[in-house]
Amino acid sequence: MTTDAPADQDQTSGTPMRLRRRADFVRASKTGARFSARLFTVQMVRQPDDGAGKDAAPAAPPRFGFTVTRKVAGAVGRNRIRRRLKEALRVSGASGAREGRDYVFVARRGTLTAPFNDIISQMAEGFARLEERGAGARRKQKDRLPAP
């Protein structure tokens, strides 16, 4: 266990909602806005509309997904990185994340050994930067020739 985790966790708001379907991860990757930090990249995309229109209920809470590739570490290291990112998100209360958005964190190797407070501060910076860039702005799609 690391001893650099914050002691006071009274401000937590429970476990954040998670992305579970591959389609949600792909949608964030293809059309979402990105912010690259030293420890990870954050991708953000608006949650899909359910077609209910303006009379629908308020926006859904933000959802979060975590990707750690085999290039980053072995199975034990990948699981530890994922647990550290989840805990940092839980402890920070997902501060700065907007309702109606999906966020995907793509971890880098440094996340395994970085101080816990650095992970939290880079998450907050990522949320703020994505908000500055026009929350949910779509990335331009490259023009590609159809496959033969």
Side-chain angles (χ1 to χ4, degrees), residues 1-2 4-73 77-144:
M1 291 292 285
T2 60
D4 55 350
D8 68 0
Q9 297 180 3
D10 296 338
Q11 60 192 7
T12 61
S13 61
T15 305
M17 291 190 64
R18 300 263 320 278
L19 290 176
R20 302 217 183 258
R21 294 185 359 211
R22 183 178 188 277
D24 293 330
F25 285 86
V26 171
R27 188 171 43 83
S29 174
K30 299 273 187 207
T31 62
R34 292 178 193 235
F35 170 73
S36 292
R38 184 175 50 87
L39 300 176
F40 48 77
T41 297
V42 183
Q43 302 166 343
M44 177 188 71
V45 68
R46 289 179 189 259
Q47 292 176 1
D49 291 333
D50 60 359
K54 289 191 173 197
D55 295 334
R63 299 184 303 173
F64 303 92
F66 304 94
T67 300
V68 187
T69 65
R70 285 189 291 178
K71 286 182 179 182
V72 173
R78 290 194 311 269
N79 287 330
R80 183 163 185 233
I81 289 170
R82 198 173 292 111
R83 284 193 310 267
R84 293 188 86 200
L85 287 171
K86 287 180 192 177
E87 182 64 10
L89 187 64
R90 189 188 68 80
V91 167
S92 69
S95 60
R98 292 205 36 200
E99 290 183 349
R101 306 283 191 268
D102 290 340
Y103 296 90
V104 175
F105 291 88
V106 182
R108 295 197 174 116
R109 187 180 311 264
T111 310
L112 188 58
T113 58
F116 197 72
N117 290 332
D118 287 354
I119 297 172
I120 293 173
S121 66
Q122 285 188 23
M123 275 186 179
E125 180 184 0
F127 292 144
R129 290 280 183 89
L130 286 170
E131 186 58 36
E132 285 175 9
R133 293 181 183 168
R138 294 185 174 254
R139 291 189 356 218
K140 294 181 181 177
Q141 296 290 317
K142 293 182 180 180
D143 293 329
R144 294 190 177 156

> Roughly how far, to the nearest 0.5 Å, is CZ of F64 from CZ of R90?
Replying inline: 13.5 Å
> What closest approach, in Å, do A114 and R84 show between heavy atoms, and which atom pair accounts for it?
Replying inline: O-NH2, 2.7 Å
>> Before you tell me yes or no, could you show the steps for D118 and R38 under side chain to side chain contact (heavy atoms under 4.5 Å, CB included), namely the whole-Å CA-CA distance, both residues' side-chain angles and the distance that decides it to 0.1 Å?
In response: CA-CA 10 Å; D118 287 354; R38 184 175 50 87; 3.6 Å; yes
> Okay, side chain of R70, backbone of R78: is any donor-acceptor separation there less than 3.5 Å?
Replying inline: no
> Rounded to the nearest 0.5 Å, how far apart are OG1 of T67 and CD1 of I81?
Replying inline: 12.0 Å
>> Quick one, V106 and F40 - any side-chain contact, counting heavy atoms below 4.5 Å?
In response: no
>> Regarding T41 and R108, do their side chains bring together a donor and an acceptor under 3.5 Å, going by distance alone?
In response: yes
> After noting the C-alpha distance and the side-chain angles of M123 and L85, does the key distance pass the side chain to side chain contact (heavy atoms under 4.5 Å, CB included) rule?
Replying inline: CA-CA 9 Å; M123 275 186 179; L85 287 171; 3.9 Å; yes
> In Å, rounded to the nearest 0.5 Å, how long is the span from CG of L130 to CZ of R101?
Replying inline: 10.0 Å
> Quick one: which of R18, R63, K30, R46 gives a salt bridge (Lys or Arg N to Asp or Glu O under 4.0 Å) with D24?
Replying inline: R63
> What closest approach, in Å, do R27 and V45 show between heavy atoms, and which atom pair accounts for it?
Replying inline: NH1-CG1, 3.2 Å
>> As an exercise, state the distance from CG of L112 to CZ of R82, rounded to the nearest 0.5 Å.
In response: 12.0 Å
> Can you name the nearest heavy-atom pair linking P61 to Q47, along with the distance?
Replying inline: O-NE2, 2.9 Å
> Ring centres of F127 and Y103 under 6.0 Å apart?
Replying inline: yes
> What's the shortest heavy-atom distance between D102 and P48, and which atoms?
Replying inline: OD2-CD, 4.3 Å
> Does F25 reach the side chain of Q43, with side-chain heavy atoms less than 4.5 Å apart?
Replying inline: no
>> Ignoring hydrogens, what is the shortest heavy-atom contact between I119 and A88? Give both atom names and the distance.
In response: CG2-CB, 3.6 Å
> Passes side chain to side chain contact (heavy atoms under 4.5 Å, CB included), L89 versus F66? Steps please.
Replying inline: CA-CA 11 Å; L89 187 64; F66 304 94; 3.8 Å; yes
>> Evaluate M44 against F35 for side chain to side chain contact (heavy atoms under 4.5 Å, CB included), listing each step before the verdict.
In response: CA-CA 9 Å; M44 177 188 71; F35 170 73; over 6 Å; no
>> Nearest 0.5 angstrom please: L39 CG to F105 CZ, how far?
In response: 11.5 Å
> How many angstroms lie between atom CD of E125 and atom CD1 of I120, to the nearest 0.5 angstrom?
Replying inline: 14.0 Å
